[in-house]
Amino acid sequence: MTAIAGSSQAALQASHSTSAADWTPTSWRTRPALQMPIYPDATVLASAEARLRRYPPLVFAGEARKLKSALAKVANGEAFLLQGGDCAESFAECSPANITNKLKILLQMSLVLIHGAKRPVIRVGRFAGQYAKPRSSATEKRGDVELPSYFGDLVNRADFTPEARRADPAALLAGYTHAALTLNFIRSLSAAGFADLHHPEYWDLTFISREDLPASLRAEYGTMIERLGAALRFMEALGEQTVDELTRVEFFTSHEGLNLFYESAQTRQVPRRTGWYCLTAHMPWIGERTRDLGGAHVEFFRGIRNTVGVKVGPAMDPKELVELCRVLDPDNEPGKLVVITRIGAGKVHDKLPPLVDAVKAAGRRVLWVTDPMHGNGQTLASGTKTRSFDDILAEIERSFDVHDACGTWLGGVHFELTGEDVTECIGGADNILDAQLDD
Ligand code: PEP
């Protein structure tokens with residue numbers, strides 16, 4: 001499934017370019033492309049790409065510029081970024097209940113953040129396009145049968161059959177359609193006032209009224225909602241100028257820009273503006289596995305005008321990070337580059353300071369965000385993959401400490417989250433144990 005795997009980091013770095021003159025929406029095709037599907041029929045792929053190029057964009061370039069300005073303020077310490085959503089979206093789960101639950105949890109978290117940080121919060125969902133996933137192995141083996149891994153609904157299907165696991169260009173079009181359906185519903189809900197911050201009681205998630213939920217938890221939630229409402233009313237009574245700004249609700253979209261056929265087909269120039277915009281999302285990001293300097297993903301994302309995120313794990317070398325910043329944000333433009341660190345709670349104190357110091361010393365104006373999910377995975381003896389809530393919290397707290405000590409501002413958090421009633425992490429306030437994960 002992987003087009004070019006195992007290219008050495010050194011070879012990849014040697015071939016990167018920073019010149020705008022030699023970038024086009026398809027210049028990535030000459031680069032090693034990790035985690036990309038190989039489509040069996042080039043003609044069918046080309047026709048899917050041609051249709052995607054003709055379709056209307058999923059987001060407006062003006063919205064992407066608006067997000068970039070908002071993120072410039074975040075980087076400056078005037079606001080905070082909350083980015084979150086499902087690990088992966090699936091076409092089957094594109095339903096009104098799923099979408100509203102996701103918005104509800106983002107709204108609730110943002111209100112808590114507004115209350116705590118006394119700053120506006122910019123909400124960026126991992127939704128309306130989070131349909132492709134990187135995999136540690138290109139193939140999956142069950143007994144004697146080995147098939148391509150499932151790379152997300154944008155690429156193939158999860159059933160363990162050769163047909164389902166074949167990379168299918170029709171899935172690119174289905175991805176566009178489901179992203180459009182999701183976005184349409186989010187935009188209608190927002191326009192209809194669903195997200196009015198004065199009525200947090202409307203955003204109760206269904207499981208809050210579940211009978212077996214401990215009464216103490218329900219009461220705690222109710223008290224928090226009441227307190228937040230009272231705080232808002234108090235600020236308004238004082239004629240606080242910023243209330244309006246604090247409570248204005250907008251959602252921006254983001255996803256990992258993994259499938260470059262999909263991303264580049266929706267990349268275009270817009271009237272009265274210079275440059276190119278990738279209009280599948282307001283803020284695409286490059287994953288930890290595809291951030292090689294000489295690779296196809298960095299080549300593609302260096303050429304677009306949107307804000308771009310890049311995930312950075314514990315193996316990142318400080319010099320390489322500075323170079324990556326230079327390539328992805330040649331003009332050192334405020335709000336352009338979001339560095340999302342996902343180091344792992346146990347390594348943050350060692351690995352994060354040299355990265356932050358190097359970027360600061362190079363004078364790069366990046367927005368620092370912590371993703372406490374992807375560096376804290378663990379596999380239990382049962383084979384279940386999980387994360388400890390305490391590690392998640394520790395990575396956030398330690399990242400704040402490191403940025404404080406380095407004199408930089410940690411401007412946001414990137415979460416995998418869901419509005420559904422799931423048990424995925426161990427520990428936390430309820431002290432969920434390994435054996436309860438099946439609940
Ligand atoms: C993700 O955010 O879904 C992901 C795979 O993250 P990372 O690239 O940081 O591993």
Side-chain angles (χ1 to χ4, degrees), residues 1-2 5 9 33-37 81-90 93 102 106 124-138 149-155 158 175 179 252-260 262-263 280-293 295-298 300-301 307-317 320-321 324 328 337-348 351-352 355 366-379 385-387 391-392 395-396 399 412-418 422 424-425:
M1 178 69 68
T2 308
Q9 190 80 356
L34 301 179
Q35 300 283 341
M36 285 274 284
L81 167 67
L82 171 63
Q83 186 180 15
D86 282 318
C87 167
E89 292 174 286
S90 72
E93 282 161 5
K102 234 172 326 214
L106 270 179
V124 177
R126 274 174 72 111
F127 51 47
Q130 179 58 11
Y131 299 119
K133 289 299 287 181
R135 293 292 173 219
S136 39
S137 169
S149 295
Y150 166 57
F151 277 76
D153 282 4
L154 194 65
V155 173
F252 295 96
T253 62
S254 69
H255 60 253
E256 178 170 352
L258 199 58
N259 191 311
L260 297 178
Y262 179 73
E263 305 300 336
T280 58
H282 302 110
M283 178 194 149
W285 79 82
I286 306 172
E288 159 75 355
R289 293 176 182 79
T290 49
R291 59 163 176 72
D292 312 274
L293 270 164
H297 292 80
V298 170
F300 174 70
F301 285 107
T307 294
V308 169
V310 62
K311 295 283 204 89
V312 167
M316 175 59 105
D317 170 70
E320 187 187 350
L321 178 56
L324 195 55
L328 291 174
L337 186 61
V338 183
V339 177
I340 308 164
T341 58
R342 28 84 86 218
I343 309 270
K347 297 183 185 151
V348 173
K351 302 282 178 185
L352 187 56
L355 296 173
V366 307
L367 163 55
W368 292 100
V369 166
T370 178
D371 163 0
M373 317 302 280
H374 291 91
N376 288 313
Q378 51 175 285
T379 307
K385 288 188 177 166
T386 184
R387 299 174 177 113
D391 288 344
I392 294 172
E395 177 147 4
I396 298 174
S399 300
V413 280
H414 177 120
F415 284 119
E416 261 183 24
L417 53 85
T418 173
V422 297
E424 275 193 4
C425 296

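Here the structure is a predicted model, which means the values were calculated and not measured. By convention here, the first residue in the shown sequence is residue 1. Remember, it's 1-based here, ligands and their atoms both numbered in the order they're listed.
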Check: Out of curiosity, Glu93 CD to Asp86 CG, how far, rounded to the nearest 0.5 Å?
Finding: 6.5 Å
Margin query: Residue by residue, ordered by chain and number, which ones reach under 4.0 Å of ligand 1 with a heavy atom?
Written below: Arg126, Gln130, Lys133, Pro134, Glu256, Trp285, Gly287, Glu288, Arg289, Lys311, Arg342, His374
Margin query: Which heavy atom of Gln35 sits nearest to which heavy atom of Phe151, and what is that distance?
Written below: OE1-CE2, 3.3 Å
Checklist line | Heavy-atom closest pair, residues Thr290 and His297 | finding: O-CB, 3.4 Å
Next item on the list: Write down the atom of Thr253, the atom of Ala128, and the distance for their closest heavy-atom approach.
Entry: CG2-CB, 4.2 Å
Margin query: Classify the ring geometry of Tyr262 against His255: parallel below 30°, tilted from 30° to 60°, perpendicular beyond 60°.
Written below: tilted
Next item on the list: Ignoring hydrogens and angles, tell me if any N or O in the side chain of Glu256 forms a donor-acceptor pair with the backbone of Gln130 under 3.5 Å.
Entry: no
